[in-house]
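Let me begin by presenting the structure, written as structure tokens, before commenting on it.
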Amino acid sequence: MSELAAGRVLGPAVLERFLGEGMVGTVWLGRHRSLDIPVAVKVLRDDKMRTDGRYRERFKREARLAAALDHPGIVRVLDFGDEEGMPFMVMEYVDGASLDRHIRKRKEPWTDHTVLRIMLAAAQALGAAHAQGIVHRDLKPANMLLSSKGVLKIADLGLARIEGGVSLTQERVAVGSPAYMAPECFQEGNVADALSDIYSLGVIGYILAFGRLPYDGSLQDVMRGHLAGSADFTLPTRCTPRTIALVRKAMAVERRMRTQTANEIANEARMLLQGGDTTRIGRRPAGSSSDLANLSKYLASSSSEVDGRTIVHTTTAERRLVWLILAGVVALAIAGLVYFGASAPTAVSKLPPPEP
């Protein structure tokens, strides 16, 4: 097998430059030869190809699962192939950065509006996957991409599985990233499901709301934290109590107490965005800067699709501005009527001249 380099042709794509490397594959920026569009090309790493074939099957399954999901919030797979024993997949290219990169740059809580919009977009994408019985099992900020047009997309279905399907991971081995894993995933005999994805989304919401992970330290410390549900929800935040309640319910240790579907999270986040609660700032941490200015270009979209209808999300500040403009227009109209009414000639009844 020849080495990968710019100019190498893999199926319908020509590699242009190296983008990065993960646990399973390397990712290249490429160009689709017939469509003439930029694409991301993911190639299984050499060391994974030389193993027992488990990674090769998992890689192929990731391509099939992603290709089966037709949702704007999930990175689409356009093609899959095997070049000289080297499995690869051609995916849509997301021009932007991972949510993880934004979190690392900020390192402090974000506003309600940002937290809710991210959770809304992620929950909508998860809901579409869960509706087809597909569980991500490794949801984390590094697998969430924010495009330059403000669209959030979930990527990396390498650990995903179809509920009820055969697992390709070894028995008794937890899968996923410990910092974001649901408590049940640390317990022997349990299998991650849709509720586990919801817990991971709750952890992501916690990081956005409080500017830190709920549990850190050694692997044992993280496991104990998740199993005990000892996250501190009293830390300084810029979010309202209702947003924190949304995050806290998604992170419930007891599964029956946890938010039961991703659609429930999406509906609650949408309601809070439309209800105007996002302007009542909670406890602001000392030295907190204003909300990320550069994030606005990634989250510029102020609408979402719901049952085929476009729902526009506005803040209370935006609505107040509209009302002020309308009030000004009405005031000008009234002033105009008074002015022109006062200056207009008064109509005089045409009476017959008085008798001499």
Side-chain angles (χ1 to χ4, degrees), residues 1-105 125 134 136-149 151-161 168-170 173 175-177 298:
M1 181 185 67
S2 60
E3 292 293 328
L4 291 177
R8 175 72 186 272
V9 176
L10 291 178
V14 179
L15 302 186
E16 293 186 345
R17 63 182 173 89
F18 177 76
L19 292 178
E21 184 176 40
M23 294 179 60
V24 175
T26 59
V27 181
W28 288 72
L29 172 65
R31 181 155 293 274
H32 200 285
R33 292 188 291 169
S34 58
L35 299 178
D36 194 28
I37 59 173
V39 291
V41 183
K42 186 174 181 179
V43 184
L44 188 63
R45 281 173 35 176
D46 285 348
D47 58 328
K48 302 303 180 183
M49 285 187 278
R50 288 192 289 267
T51 57
D52 59 2
R54 189 184 301 270
Y55 285 100
R56 185 182 294 269
E57 288 303 314
R58 185 181 296 169
F59 192 81
K60 184 185 300 184
R61 181 181 60 180
E62 175 185 358
R64 289 175 175 170
L65 291 180
L69 292 172
D70 183 15
H71 190 275
I74 298 175
V75 175
R76 292 180 298 125
V77 169
L78 307 176
D79 204 349
F80 175 82
D82 192 305
E83 189 80 19
E84 300 178 7
M86 177 170 46
F88 67 89
M89 68 178 80
V90 180
M91 306 173 291
E92 68 170 313
Y93 173 63
V94 180
D95 181 17
S98 69
L99 178 61
D100 182 63
R101 181 175 299 180
H102 289 291
I103 290 174
R104 291 178 184 276
K105 288 171 61 177
I134 296 175
H136 193 286
R137 298 205 298 172
D138 193 24
L139 187 67
K140 56 187 178 182
N143 292 336
M144 300 167 71
L145 307 178
L146 287 165
S147 78
S148 58
K149 295 183 178 180
V151 179
L152 184 143
K153 292 177 178 285
I154 293 177
D156 199 353
L157 293 171
L159 291 180
R161 66 184 295 272
L168 294 180
T169 55
Q170 298 177 356
V173 176
V175 296
S177 302
Y298 295 103

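Just so it is clear, the values below take in all heavy atoms, side chains as well, and ignore hydrogens, waters and symmetry mates. Keep in mind that this is a model prediction, so the values were computed, not measured.
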Contact summary for [X] and [Y], nearest pair of heavy atoms:
X    : Y    : result
W28  : F18  : CE3-N, 3.4 Å
V75  : K153 : CG2-CB, 3.9 Å
V39  : R31  : CG2-N, 3.9 Å
R33  : G11  : NH2-O, 2.7 Å
P38  : Y93  : O-CB, 3.6 Å
A125 : I154 : CB-CD1, 3.8 Å

Would a 4.5 Å heavy-atom cut-off, applied to side chains only, mark [X] and [Y] as touching?
X    : Y    : answer
M86  : L44  : no
H32  : D79  : no
L139 : M144 : yes

Drop me the distance from [X]'s [atom1] to [Y]'s [atom2], to the nearest 0.5 angstrom.
X    : Y   : atom1 : atom2 : answer
I74  : E92 : CD1   : CD    : 10.5 Å
E16  : L29 : CD    : CG    : 5.0 Å
I134 : L69 : CD1   : CG    : 4.0 Å

Is a donor on one side and an acceptor on the other found under 3.5 Å between the side chain of E83 and the backbone of L10?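 Not a single qualifying donor-acceptor pair exists.
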Do side-chain atoms of D138 reach the backbone of S177 as a donor and acceptor pair under 3.5 angstrom? yes
Residue that, paired with S98, satisfies side-chain contact (heavy atoms from CB on, under 4.5 Å) out of L145, N143, I103: L145
Test side-chain hydrogen bond (donor to acceptor under 3.5 Å, both in side chains) applied to R101 - qualifying residues, sequence neighbours left out: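 If we apply the side-chain hydrogen bond (donor to acceptor under 3.5 Å, both in side chains) test to R101, skipping adjacent residues, there are no hits.
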